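Every value quoted in this text rests on a predicted model; they were computed, and no experiment measured them. Only heavy atoms go into these numbers, but all of them, side chains included; no hydrogens, no water, no symmetry mates. First the proteins, then the strands, lettered A, B, ... as listed; each starts at 1.
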Amino acid sequence: MTEKLKVATVSLAGCFGCHMSFLDIDERILDLTAVAEFDRSPFTDIKHCGPCDLGLIEGGLCNSENVHTLREFRRACKLLVAVGACAINGNIPALRNPIPLKECLEESYVHGMGIENPQIPNDPELPLLLNQVRPIHEVVKVDYFLPGCPPSADAIWKFLTDLIAGREPSLPYPLIRYD
Amino acid sequence: MGTITIDGQAIPFQDGQTLIEAATEAGVYIPHLCHNPEFKPHGSCKLCSVKVNGRVCSACTFPAAEGQEVLNDTDELNEARRMITEMLFVEGNHFCAYCEKSGDCQLQAVGYFLKMTGPRFSYFYPRREVDASHRDILLDRDRCIFCELCVRASRDVDGKNLFAIAGRGIRNHLIVNSASGELEDSGMAVTDKAAHVCPVGAILIKRQAYKVPIGSRTYDERSISEVSLSAEAPVVAAKHD
Ligand code: SF4
Ligand code: SF4
Ligand code: FES
């Protein structure tokens, strides 16, 4: 038997919707696990990425920890895929981009309704927020984009089966969606 | 009357027609965004770039002439068009996931047609103002692509001259011709032509957002190449009939 394809996945500044959509491939996941195994992923709870063939990134970059994780994936994975609108264009988290970060934090933690002991959290354990939410291709090289909010299970399946079969991934018209 | 070729196929044209008009009548789609055959050509988006006897020209402004050899559906031109489309996405704020125009939007549909999956460029995230002052019409400048269709419709059809593009480069923005600069004071009516020509989700009629559900919209099943020809060929034909 040939070695299984190693796949890692992560959600950065995303909502886990892309991962949920991935699981919507339903029983096809059995066909997938026959030829692929998961390394670091919310599906396995493995915390760090070993050498992988494929890394699937959900979500954009909103803090320093996202950037660190993305770089770990880029080092470990032969192919890196931006999965979903947030990874590709920042999407909903990027709604804060036109507003200065200080104002965002003050709105949430100082001036917002019903706040007791107002203060901006500054525990050193907390990752620092980036000034703006940025898409991942602005920080590392991205090999493929798989658009959608989220990409449908069929789009994810078509993409993966193309790659596994050694074909250049190509989505037919109804599977390319930006929404 | 005369004949040109597009990608080797013989295409007849009427005197005075542009390349895109001749192509549309003959059932050949040339991607375009700022062009709408109901209005004078504007020639700004460059999506309709074709090669005429080896030179790149805008098909929406370039006159057809006897014997021209035109290239349209080539890898090189489609790659250039994809790049232009990516630029349009990164220079505005296009979040299709929560845009009510999604599925009916020509920018998005052109992206689908060209198989654009993501941009190679960095995003600008420009700060653009939303004008929600009008009772019936919403102006969301985040999604404006400066095609000037609203400018042309308001000036040439409605006779009101309510819009213009101001600023340069990334500061480009649509301005409203009213004392306050707001739409509510402009005298714009929901029946104006200008309220119905925006190819993207920048000028929207309020309270229509999800009347047609996602999945049943214009470009959900049919590609813009098909939709555009069936809508525009009769408009072009009517001009010389
Ligand atoms: S205007 Fe079109 S491209 Fe822009 S966000 Fe809306 S649907 Fe997407
Ligand atoms: S508001 Fe719409 S029609 Fe007017 S210039 Fe912008 S994109 Fe074109
Ligand atoms: S369609 Fe010709 S330049 Fe825009």
Reported CG-to-CD distance for the pair A/Asp179 and B/Glu100, which is rounded to 0.5 angstrom:
13.0 Å
Structural part of A/Val139 lying under 4.5 Å from a heavy atom of chain B
neither
Would you check if B/Met116 and A/Pro147 make a side-chain contact, meaning some heavy-atom pair closer than 4.5 Å?
no
Compare all side-chain heavy atoms of A/Tyr144 with those of B/Thr117 and state whether any distance is below 4.5 angstrom.
no
Which atoms of A/Leu171 approach chain B - backbone, side chain, both or neither, heavy atom under 4.5 Å
backbone
So which of B/Arg120, B/Arg127, B/His94 has the largest heavy-atom pair count under 4.5 angstrom toward chain A?
B/Arg127
Got a second to check how far A/Tyr173's OH is from B/Ser225's OG, nearest 0.5 Å?
8.0 Å
Verdict with reasoning, A/Arg177 to B/Asp220, per side chain to side chain contact (heavy atoms under 4.5 Å, CB included):
CA-CA 9 Å; A/Arg177 303 272 327 198; B/Asp220 283 340; 2.7 Å; yes
Distance from B/Phe124 atom CZ to A/Asn97 atom CG, nearest 0.5 Å?
14.0 Å
Greatest number of non-hydrogen atom pairs under 4.5 angstrom with chain A, of B/Ser122, B/Pro126, B/Gly111, falls to B/Ser122
Interatomic distance, B/Tyr125 atom OH to A/Asn89 atom CG [nearest 0.5 angstrom]
6.0 Å
Identified ring pair (Phe, Tyr, Trp, His ring centres under 6.0 Å) counterpart of A/Tyr178 within the set B/Phe95, B/Tyr219, B/Phe89:
B/Phe89
